[in-house]
Protein chains: 2
Amino acid sequence: MTAEAHPTLTKNQKLVFGSLSGAGGPLTAYAILDLLRDSGFRAPLQVYRALDKLVEYGLVHRLESLNAFVACSHKGCSGHGTAAFAICEKCGLVSEFTPDKAIEALRAWTRDEGFHLSRTTIELRGTCRTCAGVS
Amino acid sequence: MTAEAHPTLTKNQKLVFGSLSGAGGPLTAYAILDLLRDSGFRAPLQVYRALDKLVEYGLVHRLESLNAFVACSHKGCSGHGTAAFAICEKCGLVSEFTPDKAIEALRAWTRDEGFHLSRTTIELRGTCRTCAGVS
DNA sequence: TCGGATCGCGTAACATTATTACACATTTAT
DNA sequence: ATAAATGTGTAATAATGTTACGCGATCCGA
């Protein structure tokens, strides 16, 4: 849970985090860039640099299977453990959750193997309750 | 484990699967393309089409966090369930395993949520026993 | 056995995602 | 005050993935 404080955000980091928070869902780096052109952003690197830091601070997660980024759902987020994501392939809804049992099972494997874990990606693809119901 | 037979592979599928099997580790689509130029491959699409099918048949896995592909480690593979991957960031070693407990825990979550699961990605990043020992 | 439907294949062009290289500015610690 | 570290801006380029189009082979029903 590493509830460590993160540094205060720089201007660009605040802008990127703001656009992700406002989006209510995942955005690609280039989508963020487009949103922030009015705020003076001109190049992808400005976005990627801010995202790197935000991910490092635990304020933003990267969705590997989407090549996109999403604000952490912990509202007053100050860092936390591994998260999992369920991604609806119909409506795009992304649900963040913390599957403690699964995480512990994976950790047990790493202990047995002598694997030093630094980062865990868990992403579920499928159809959310609403879309599954509609069929 | 859905031990269903897959269709016999086409020429391109065999070539792509062969290059992945021979590699002993993950390859990007473009790395495969380069390996197969001598066999007549000219364009990325030839690789991606074959990979799509091979993934569908369960013979190949996609590593989302690497944008790469790896042959399934089940030697005489004829399809199986969800796999997890531990990726060493020092030496590039990728270990495939089947974390049944973790998978069941995730499935339990999907049942509670009414989420219809179609595909599960579990990828661990870190340092393998050997590289961790070396420090 | 003819004809359409499906599937695989080849090629070109293009779209999307991410990084490298370089220069300058700002902040931080001494 | 100054050196080091961090953040910023810009341009160019690399890496990854997709769309569009046409052709040939195979499968299958009429």
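All chains are named by letter (A, B, ...) in the order of the sequence lines, taking the proteins before the strands, and each is independently numbered beginning at 1.
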Worksheet entry | Ring centres under 6.0 angstrom apart (Phe85(B), His61(B)) |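 Under 6.0 Å, so yes.
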Ignoring the backbone of [X], work out which of [options] is nearest its side chain.
{"X": "Gln13(A)", "options": "dT11(C), dG8(C), dG7(D)", "result": "dG7(D)"}
{"X": "Ala29(B)", "options": "dG9(D), dG8(C), dG17(D)", "result": "dG17(D)"}
{"X": "Asn12(A)", "options": "dT16(D), dG9(D), dT17(C)", "result": "dG9(D)"}

Check this one for me: any side-chain N or O of [X] less than 4.0 Å away from OP1 or OP2 of [N]?
{"X": "Asn67(A)", "N": "dA18(C)", "result": "yes"}
{"X": "Thr28(B)", "N": "dT16(D)", "result": "yes"}
{"X": "Gln46(A)", "N": "dT8(D)", "result": "no"}
{"X": "Thr10(A)", "N": "dT6(D)", "result": "no"}

Protein-nucleotide distance ([X], atom [atom1]; [N], atom [atom2]), rounded to Å:
{"X": "Leu63(A)", "N": "dT16(C)", "atom1": "CG", "atom2": "P", "value": "19 Å"}
{"X": "Leu51(B)", "N": "dC9(C)", "atom1": "CG", "atom2": "C1'", "value": "15 Å"}
{"X": "Glu64(B)", "N": "dT17(C)", "atom1": "CD", "atom2": "C1'", "value": "14 Å"}
{"X": "Asp34(B)", "N": "dT16(D)", "atom1": "CG", "atom2": "P", "value": "10 Å"}
{"X": "Asp52(B)", "N": "dT16(D)", "atom1": "CG", "atom2": "C1'", "value": "14 Å"}
{"X": "Arg62(A)", "N": "dT17(C)", "atom1": "CZ", "atom2": "P", "value": "10 Å"}
{"X": "Tyr48(A)", "N": "dT10(D)", "atom1": "OH", "atom2": "P", "value": "18 Å"}
{"X": "Ile32(A)", "N": "dA18(C)", "atom1": "CD1", "atom2": "P", "value": "10 Å"}

Worksheet item: Is it true that Leu9(A) and Tyr48(A) fall in one hydrophobic cluster, defined by side-chain heavy atoms closer than 4.5 Å?
Response: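 In one cluster: yes.
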Worksheet item: For Tyr30(A) and Lys53(A), take the nucleotide of DNA chain D holding the closest heavy atom to each; which residue's nucleotide lies nearer the 5' end?
Response: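 Nearest nucleotide further toward 5': that of Lys53(A).
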Worksheet item: Does the side chain of Ser65(B) come under 3.5 Å of the side chain of Glu64(A) through a donor N or O and an acceptor N or O?
Response: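 Their side chains do not contain a donor-acceptor pair, so the 3.5 Å distance test is not met.
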Worksheet item: Distance-only, no hydrogens or angles: does the Gln13(A) side chain make a donor-acceptor pair with backbone N or O of Thr10(A) under 3.5 Å?
Response: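 Yes; judged by distance alone, with no hydrogens or angles, the pair exists.
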Within the sub-3.5 Å range, which N or O atoms of nucleotides 20-29 of chain C have a protein N or O partner, and how far apart are they?
none

Worksheet item: Looking only at heavy atoms, what is the nearest atom pair of Ser95(B) and Trp109(A), with distance?
Response: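 In this case the closest contact between Ser95(B) and Trp109(A) is CB-CH2, 4.3 Å.
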Item to complete: Measure across Glu96(A) and Ser73(A) and return the closest heavy-atom pair with its distance rounded to 0.1 Å.
Response: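 That closest heavy-atom pairing would be OE1-N, 2.9 Å.
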Discussion item. Need to verify one output field. Residue with the more 5' nearest nucleotide on DNA chain C, Phe69(A) or Ala43(B)?
Written reply: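 It is Ala43(B), whose closest nucleotide lies nearer the 5' terminus.
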Fill in: Leu20(A) vs Leu51(A) side-chain heavy atoms within contact, under 4.5 Å
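Answer yes - side chains close enough.
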